[in-house]
S.K.: 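Submitted below is the structure of interest, expressed as structure tokens.
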Amino acid sequence: MSEISTLQGQAALGNVQWERQRAPNASRRWLQGVPLHILVSVAVVFLLGVVAIAAPWVAPHDPIEPNLLARNRPPFWMEGGSLDHPLGTDQVGYDLLSRTLYGSRPALLIGLCAAVIGLVLGTAAGVLAGYYRGLVDNTIMMLADAQLSSPFLVIAIAVIAVLGQSIVVLLVLAGIGAWPAFARAVRAQVVALREREFVVASRALGAGDGWILLRHLLPNLLWLVIVMVTIQLRGLILFESFLSFLGLGVPPPQPSWGSMIAAGRQYLVTSWWISVVPGMALVMTVVAVSLIGDWLRDVLDPTLRHR
Amino acid sequence: MLTLWLVVTAVFVVLRSTGDPVRLLLPEDAPLEQVVALRQKLGLDRPIPVQYVRFWSRALSGDLGESIRFHQPATELVLARLWPTAQLGLIAFLLSVVSSVTLGVVTALSRGTAFDRVMMASLSLLQASPSFFIGIVLILFVSVRLGWLPSSGSGSLRHLILPAVTVALITMASLARLVRSALLEVLRADYVRTARAKGLAEHAVVVRHALRNASLPVVTVLGLELAALLTGTVVVETVFAWPGIGRLAVEAVAVRDYPVVQAVVLVVTIVFVVINFAVDVSYILLDPRVRHV
């Protein structure tokens with residue numbers, strides 16, 4: 001139907017207007033396949049990114065400036081709450097809205113940096129293993145399996161105990177935690193790719209390993225890696241919040257959702273919002289990220305589903 | 001085994017790479033003689049390879065040093081805290097297996113209905129929530145609002161319920177989805193059609209023919225989930241002040257009790273290796289096809 005009407009439009013109004021009509025149609029068609037919950041999730045993640053960058057301008061208060069006169073204030077819709085602290089304050093008078101907005105920073109920063117570290121390490125290991133096979137493959141995969149079957153969170157706790165808590169330690173640890181998943185997925189893809197005609201043909205024409213890796217393998221890994229990053233992001237954000245909850249993550253008084261939830265644990269009876277406000281932010285973020293990840297995986301590579 | 005070796009070596013490397021562990025063990029203003037004495041006592045004046053071998057031989061004989069805070073052998077301390085964690089983990093595991101199989105079967109059989117869709121959506125939500133926040137929400141509603149169960153501590157069965165449910169919910173969410181998809185896959189198979197065709201009752205088809213074959217992929221994932229469940233226990237213990245090894249580790253880190261941290265890592269790793277081995281064995285028992293490979 002729409003095709004006919006655009007054709008009629010073209011006939012009646014000429015080429016310029018036809019172009020104008022076509023553009024919104026095309027974009028709508030492109031979005032048509034995307035389910036509503038994915039659009040919402042993308043909007044949430046986008047908003048989160050904006051908030052993380054613009055936190056100093058968006059937050060109504062300084063996140064590490066306690067207001068001792070306004071402690072344990074409830075959110076504005078409850079009795080005793082005010083719009084000065086829209087989501088209430090905690091036990092030392094920190095503004096919860098401001099701290100929750102700032103809390104998106106460590107979550108996204110650590111999640112993304114760790115994903116990049118995991119991606120670089122894992123892709124390098126996976127390409128080496130899948131391309132060269134043999135002893136290299138066995139060693140790398142043995143290491144990956146060994147790490148996957150180890151209690152990584154407990155090891156991370158021990159490492160932080162020795163090195164002290166800092167954001168850098170946290171994101172390097174999270175990145176190291178993520179490499180085996182990348183390595184396994186990339187390796188499987190490379191093993192399949194290296195037997196494909198275009199790689200075999202390129203080799204027959206005398207191409208070296210470096211050329212094949214850069215020209216033929218890496219471009220074909222791009223989508224896989226994008227999907228993997230989205231899927232891993234969920235676990236990495238949770239990793240940060242776990243450790244911060246245990247008091248081993250982002251050093252205080254810098255706000256992090258995990259440590260904020262932990263701080264409110266003692267005050268659940270009197271001031272439940274201290275834990276629940278950052279908790280909702282965390283759950284919302286993780287749900288949005290994992291919905292996008294699952295959807296991308298199903299759309300781009302259904303064979304990954306069971307990995 | 002390889003895992004164990006790698007973890008022990010990693011712990012050794014991290015401990016040594018940060019410089020002198022004696023500096024971590026003693027207060028900062030300790031006199032020099034004391035530092036030298038402790039260094040000799042711990043064998044830190046020897047070359048690194050000798051230290052590595054000594055470290056291993058002591059670890060194998062169960063001697064992981066003495067807790068700085070409790071002045072007890074670290075191994076003893078950890079083993080004493082292992083039982084509460086195992087208790088919590090096992091009950092949570094049973095709960096999650098029973099509930100996820102039930103939920104998985106029910107949703108698979110009612111596929112496409114509103115009930116199925118609501119269940120699947122809430123399972124995804126549950127799967128994405130961090131365990132400690134689920135624990136907090138449970139405390140808020142069950143302990144604070146309703147006052148049914150204690151919010152923290154240990155000692156009675158009532159104390160065990162909330163932490164066990166919290167740990168179980170996370171595992172249940174992913175397992176139930178898996179049971180559902182595995183069952184849907186199997187229900188399309190020829191032998192299920194045959195079973196139906198020969199007039200078998202629907203419940204017999206589902207339980208005897210479908211569920212049994214659907215259990216294979218589930219058991220594979222069960223191993224991974226059991227490991228994740230143990231990690232989840234570590235975090236949930238802190239929420240509910242449950243006296244297990246996760247809490248011990250977190251407390252030990254807070255007071256810089258390194259021998260205890262080290263002992264926790266080794267014990268948890270051993271448990272992980274044993275679990276993985278048990279899963280491999282149970283896989284062989286369940287699937288006759290694997291036995292002859």
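Proteins get letters first, then strands, A, B, ... in listed order; numbering begins at 1 in each.
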S.K.: I want to check something: taking the side chain as every heavy atom from C-beta on, are B/Pro130 and A/Phe245 in contact at a cut-off of under 4.5 Å?
M.R.: no

S.K.: Can you name the closest pair of heavy atoms from A/Arg234 and B/Gln127 and give their distance?
M.R.: NH1-O, 3.0 Å

S.K.: If I take atom OG from residue A/Ser275 and atom CZ from residue B/Phe133, how far apart are they, to the nearest 0.5 angstrom?
M.R.: 7.5 Å

S.K.: Side chains of B/Thr269 and A/Pro151, heavy atoms from C-beta outward: is any pair under 4.5 Å?
M.R.: yes

S.K.: Apply side chain to side chain contact (heavy atoms under 4.5 Å, CB included) to B/Val253 and list each qualifying residue two or more places apart in sequence or on a separate chain.
M.R.: A/Ile157, A/Ala161, A/Leu248, B/Val261

S.K.: Would you give the length of the straight line joining atom CG of A/Leu246 to atom CD of B/Glu237, rounded to the nearest 0.5 angstrom?
M.R.: 10.5 Å

S.K.: What distance do A/Leu148 atom CG and B/Phe272 atom CZ have between them, rounded to the nearest 0.5 Å?
M.R.: 11.0 Å

S.K.: With only heavy atoms counted, which part of A/Met280 is less than 4.5 Å from chain B, the side chain, the backbone, both or neither?
M.R.: both

S.K.: Please classify the contact between B/Val268 and chain A as side chain, backbone, both or neither, with a heavy-atom cut-off of under 4.5 Å.
M.R.: both

S.K.: Do you know which of A/Gly247, A/Gly279, A/Ser241 has the most heavy-atom pairs under 4.5 Å to chain B?
M.R.: A/Gly279

S.K.: Do A/Phe242 and B/Thr238 pass the side chain to side chain contact (heavy atoms under 4.5 Å, CB included) test, and can you show the C-alpha distance, the side-chain angles, and the key distance before you say yes or no?
M.R.: CA-CA 11 Å; A/Phe242 272 141; B/Thr238 307; over 6 Å; no

S.K.: Counting heavy-atom pairs closer than 4.5 Å to chain B, which one of A/Leu238, A/Leu291, A/Val289 comes out on top?
M.R.: A/Leu238

S.K.: Quick one: OG on B/Ser124 to CG on A/Asp294, what's the gap to the nearest 0.5 Å?
M.R.: 8.0 Å

